[in-house]
Protein chains: 2
Amino acid sequence: MVDTDIFKALADPTRRKVFEKLAGGSLNASALRDGLEISQPAMSQHLAVLRAAGLVREQRQGRFVNYEVDPDGIASIGTWLARYRAYWPKRIEALSDLLKDMDQ
Amino acid sequence: MVDTDIFKALADPTRRKVFEKLAGGSLNASALRDGLEISQPAMSQHLAVLRAAGLVREQRQGRFVNYEVDPDGIASIGTWLARYRAYWPKRIEALSDLLKDMDQ
DNA sequence: ACGACACATAAGCATACACTTATGTGTCGC
DNA sequence: GCGACACATAAGTGTATGCTTATGTGTCGT
């Protein structure tokens with residue numbers, strides 16, 4: 001199941017940190033590593049999980065591999081979340097506004 | 001971390017099915033069980049996980065325990081997702097509309 | 001061609017997770 | 001009170017997960 005992969009990927013705090021870093025723009029695996037106390041293979045494995053989940057996509061650039069957020073993954077979460085819109089509390093109006101902003 | 005609990009809870013397919021059932025309205029543990037081939041203790045454990053994550057809340061009603069979606073959990077996912085709004089693809093406009101609908 | 005570098009993959013290991021069966025707790029009807 | 005019912009908790013078990021160290025693959029500069 002696609003959703004399972006996505007939620008499993010995001011269930012790990014380190015992977016969420018990585019993902020959040022990528023929200024700021026494209027980065028290679030080494031750049032993603034600093035700040036986080038994590039070995040190189042561990043990062044590689046985390047990135048593989050994020051990629052398999054469709055949350056991240058990669059692009060070879062010489063001997064570096066640049067990673068970036070994959071909008072498809074974000075969209076999947078969005079459509080999943082939309083099924084529960086009946087339960088969104090009123091105080092979430094701010095978020096709704098943000099979403100409106102984004103499609104100008 | 002709050003987000004960790006939420007994503008871990010949703011990473012399990014059975015728990016997502018349970019949550020989706022609750023999206024249709026309040027149900028007790030037994031009612032949630034049918035359709036799903038799962039033992040009673042397993043369901044009880046799943047509900048405990050969903051509750052600990054803040055996705056679901058319970059209400060004793062005689063010897064039944066009614067469960068319902070907790071809007072706080074939904075809101076948490078929403079605010080988390082909002083940080084990635086820059087990556088929402090354009091085809092997500094429909095979702096944005098849905099969100100706008102909901103706060104009339 | 002060679003060493004250095006960036007990253008991926010393999011193998012092994014400790015812990016976490018989801019399940020099972022067995023039992024405990026609380027509420028109902030009689 | 002007592003048995004039946006709805007659910008929770010305990011304890012045990014197989015598997016998945018995230019880490020480690022070791023090694024493989026591909027690219028760069030010289």
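Bear in mind that the values here come from a model prediction, so they are computed numbers and not experimental data. No hydrogens, no waters, no symmetry mates; every other heavy atom, side chains included, goes into these values.
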Which part of the nucleic acid, if any, lies within reach of A/Arg33 when heavy atoms closer than 4.0 Å are counted: base, sugar-phosphate only, or nothing?
nothing
If you check the B/Asn28 side chain, which of D/dC7, C/dA8, C/dC7 turns out closest?
D/dC7
Protein-nucleotide distance (B/Arg63, atom CZ; D/dA6, atom C1'), rounded to Å
7 Å
May I ask you to evaluate whether B/Ser39 reaches the phosphate of C/dT20, defined as a side-chain N or O under 4.0 Å from OP1 or OP2?
yes
Looking only at the side chain of B/Arg60 (C-beta and beyond, no hydrogens), which of the listed nucleotides C/dT27, D/dT17, C/dC19 gets closest?
C/dT27
Would you check if B/Leu22 and B/Val69 make a side-chain contact, meaning some heavy-atom pair closer than 4.5 Å?
yes
Rounded to whole Å, the CZ-P distance (A/Phe7 to D/dT17) equals 16 Å
For A/Glu58 and D/dT27, give me the distance from atom CD to atom P, rounded to whole Å.
13 Å
What I'd like to find out is whether the side chain of B/Val18 reaches to under 4.5 Å of the side chain of B/Met43, using heavy atoms alone.
yes
May I ask you to verify if any side-chain N or O of A/His46 is less than 4.0 angstrom from the OP1 or OP2 atom of D/dT17?
no
So which atom in B/Arg33 and which in B/Ile38 form the shortest heavy-atom distance, rounded to 0.1 Å?
NH1-O, 2.6 Å
Backbone N/O of A/Leu10 and side chain of A/Arg16: donor-acceptor pair under 3.5 Å
yes
Please state whether the rings of B/Trp80 and A/Phe19 are parallel, tilted or perpendicular, taking 30° and 60° as the class boundaries.
parallel
Please report the distance, rounded to the nearest Å, between CZ in A/Arg15 and C1' in D/dG18.
8 Å
Between CD of B/Glu68 and CD of B/Gln59, what distance do you get to the nearest 0.5 Å?
6.0 Å
Residue closer to the 5' end of DNA chain D, A/Ala11 versus A/Gln61 (nearest nucleotide)
A/Ala11
Report yes if at least one side-chain N or O of A/Tyr67 is closer than 4.0 Å to OP1 or OP2 of C/dA8; otherwise report no.
yes
Answer yes or no: is there a donor N or O on one side and an acceptor on the other, between the side chain of B/Arg15 and the main chain of B/Lys17, under 3.5 Å?
no
What protein N or O atoms touch nucleotides 9-15 of chain D N or O atoms at under 3.5 angstrom, if any, and at what distances?
none

Considering every strand and a 4.0 Å limit on heavy-atom distances, what is the contact class for B/Arg51: base, sugar-phosphate, or nothing?
nothing
